[in-house]
Amino acid sequence: MSALISISHLTKTYKREKQEITVLKDLSIDIEQGDFVALMGPSGSGKTTLLNIIAGIDRPTQGEVMIAGTNIGVLTETELAKWRSRHIGFIFQFYNLIPVLTAFENVELPLMLTPLSKSERRRQVELALSVVGLADRMDHYPRQLSGGQEQRVAIARAIASDPDIFVADEPTGDLDRVSAEEILTLLERLNKEFGKTIVMVTHDPSAANRARIIHHLEKGDLIPQGQS
Amino acid sequence: MNIPFYYILKNFVARKLTAGITIGGIALVVFVFAAVLMMADGIRKTLATTGSEDNVVITRKSSTGEITSIIDRPTADLISTLQFVQKDEKGNALMTYDGVTVINAPKKDGGISNLAVRGVSETAMSIRNKITIVKGRMFTFGSRELIVGTALVKTFDKIDIGDKIKFGGDEWTIVGEMEAEKSGFESELWCDVRQLQLAFNREAFSTLTFRKTSDADIEMMKILFAGDKRLNQYEPENERRYFEKQSEAMRMFIQILGITITVIFSVGAMIGAMITMYAAVANRTTEIGTLRALGFGRSSILTAFLIESIITALLGGIIGIGMASILQFFSISTLNFGSFTELSFSFSMTSSVFSGSMIFSLVMGFVGGFLPALKASRMSILSALR
């Protein structure tokens with residue numbers, strides 16, 4: 001059986017003024033369905049770029065990115081937006097909740113891109129918020145929640161549309177130790193209980209240790225296992 | 001799928017101060033715009049209601065108004081015999097021989113202005129059935145008496161019942177006040193046409209107005225007049241249309257001047273709306289990036305910001321029109337270029353003024369919001385999230 005995420009010979013370069021910077025260099029990686037992968041590495045190693053490409057918010061310069069049988073590198077912008085809404089759940093370091101919307105409305109946002117009816121959406125949102133333990137906070141605005149609670153709402157938003165893959169960029173980077181542990185436990189639950197594939201970028205070794213697989217990147221390529 | 005409307009609305013409410021200032025700016029521009037249209041429409045309405053659809057006015061060709069029109073008595077008598085002219089039971093033509101002249105009088109707010117004196121025949125009251133004597137009595141034919149339009153009483157000094165006005169070498173006594181359904185007649189003094197002719201030593205009339213027969217067609221009359229050597233220097237016109245034409249010069253002047261000024265104002269309002277929307281985009285960069293990452297397309301972002309700007313303009317428009325509507329309770333008086341006499345009229349809020357002002361405000365919202373909305377929609381997800 002082929003991997004859920006199959007990346008081969010991925011190169012990503014950026015042009016900054018007249019200079020061309022190679023961020024990812026001929027990188028290949030397979031991530032299986034149900035994996036919980038942590039990407040680690042020093043700043044500038046390309047881990048966030050790799051995550052962004054997997055999430056479909058950045059495009060490869062060269063190479064192939066096959067996710068659930070789709071070569072996302074060839075999709076048009078509109079197709080890619082649709083693809084993201086179906087397959088990717090985002091968890092950001094700073095939660096990125098919409099401040100003027102309640103927890104309920106924030107979680108409902110990705111469902112607006114689905115054909116679900118209003119009552120179906122309500123059911124999904126309530127379920128997602130109860131999974132993260134915030135069913136009683138659905139009418140609260142982000143400013144009325146703690147950092148940990150905000151991140152849990154963000155996770156509820158990510159799981160509401162039931163995507164295949166969760167991409168988490170430093171999900172505990174802005175949290176205290178207790179809240180960070182809660183979030184990591186939640187991610188572990190999503191992986192173990194619901195079989196969701198998670199790709200997480202982190203600087204924190206204790207966060208990375210909660211993943212099943214840790215990949216280290218350096219200068220735009222993966223360091224072979226055992227050498228890190 | 002578009003971004004939910006409550007997102008747009010809540011963002012709008014969240015920045016109520018800046019949105020409020022922008023709404024205020026747009027409201028003022030729409031107020032001026034609507035006021036200008038209401039003024040132009042008020043003049044048109046006043047003069048249009050002066051005439052009746054059932055009446056026909058005869059003027060000398062190329063005359064720019066009643067004052068510059070001359071019709072001699074033989075021609076007037078000839079016209080009274082035409083088949084289009086309705087007759088009473090005694091066979092007399094239902095036609096008024098009008099003489100119009102201009103005098104000047106002191107205004108209540110200082111200064112002197114022109115006012116029209118219309119000499120009419122006895123039939124005038126029966127074919128102009130909008131005329132009602134509200135105070136005093138009708139002038140007596142054969143005497144130097146006047147009735148005064150109610151709009152003049154409000155504007156001019158010493159023009160009440162019992163007052164005497166000197167013109168044409170004699171003193172004329174005001175004996176009554178008339179209402180004419182807010183038409184231009186309310187801005188006139190009326191007297192016996194024969195007395196007016198005698199006072200100014202004139203034999204000719206200014207215009208003739210007759211009640212047409214039910215089957216008479218104005219176009220046919222024009223053809224007949226043009227083809228008759230005795231009548232081809234004169235022109236028949238539907239009375240309502242005639243007075244409407246009299247308002248055109250003034251209406252055009254007000255509209256062109258007013259709209260030019262408001263368009264200049266609107267540039268300022270649009271720049272204001274644009275600055276507000278640019279600030280909204282700048283403050284919500286991460287939000288835009290997040291929405292795009294979640295799967296909302298560029299067009300959804302463009303639409304959301306554009307709707308936000310249009311809501312701002314819509315509210316500005318409603319407030320502006322609301323303020324302008326208050327003007328309906330006021331009437332003003334100004335010199336009509338068509339007759340060079342004082343004309344009193346009210347601001348008139350019509351459906352076309354309302355829709356024109358609404359469209360104007362929405363255009364301001366659209367133009368002001370488009371570039372910021374385009375900027376928001378064109379942001380790359382990565383740079384927005386950074």
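Computation of the quantities below employed the complete heavy-atom set of this structure, encompassing side-chain atoms and omitting hydrogens, waters and symmetry-equivalent molecules. Letters go in sequence order (proteins before strands), and every chain restarts at 1.
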Note to self: Is Y95(A) in contact with chain B via its backbone, its side chain, both, or neither, using a 4.5 Å heavy-atom distance?
What the structure shows: neither
Check: With a 4.5 angstrom heavy-atom cut-off, which part of R86(A) approaches chain B: side chain, backbone, both or neither?
Finding: neither
Note to self: At a 4.5 Å cut-off on heavy atoms, which part of N96(A) comes close to chain B: side chain, backbone, both, or neither?
What the structure shows: both
Note to self: Within the supplied structure, the quantity of interest is the number of heavy atoms (other residues, nucleotides, ligands) at a distance under 6.0 Å from K196(A) NZ; does it exceed 12?
What the structure shows: yes
Margin query: I'd like to verify something: which residue of L291(B), I381(B), T286(B), V13(B) has the highest number of heavy-atom pairs under 4.5 Å with chain A?
Written below: I381(B)
Notebook entry, point to check: Out of K82(A), E105(A), R157(A), which one racks up the most heavy-atom pairs below 4.5 Å with chain B?
Noted result: E105(A)
Margin query: Please classify the contact of F94(A) with chain B as side chain, backbone, both or neither, using a heavy-atom distance under 4.5 Å.
Written below: neither
Note to self: Is the shortest side-chain heavy-atom distance between L382(B) and Y14(A) below 4.5 Å?
What the structure shows: yes
Check: Just wondering, do E108(A) and Y6(B) contact through their side chains at under 4.5 Å, heavy atoms?
Finding: yes
Notebook entry, point to check: Taking L97(A), L109(A), N52(A), T78(A) one by one, which has the highest count of heavy-atom pairs under 4.5 Å against chain B?
Noted result: L109(A)
Next item on the list: Looking only at non-hydrogen atoms, find the nearest pair between S85(A) and G295(B) and report the distance.
Entry: CB-CA, 4.1 Å
Checklist line | Distance in Å, F92(A) CZ paired with L385(B) CG, rounded so as to fall on 0.5 Å steps | finding: 5.0 Å
Check: Is a donor on one side and an acceptor on the other found under 3.5 Å between the side chain of R84(A) and the backbone of A293(B)?
Finding: yes
Next item on the list: Look only at the side chain of R284(B) and the backbone of I98(A), and say whether a donor-acceptor pair between them is shorter than 3.5 Å.
Entry: no
Check: Side-chain contact, heavy-atom cut-off 4.5 Å: L101(A) with E287(B)?
Finding: no
Checklist line | NZ/K12(A): more than 12 non-hydrogen atoms of other groups inside 6.0 Å | finding: yes
Margin query: For K219(A), I'd like to know if atom NZ has over 12 heavy atoms of other residues, nucleotides or ligands within 6.0 Å.
Written below: no
Margin query: How about CD on Q62(A), more than 12 heavy atoms from neighbouring residues, nucleotides or ligands closer than 6.0 Å, or not?
Written below: no
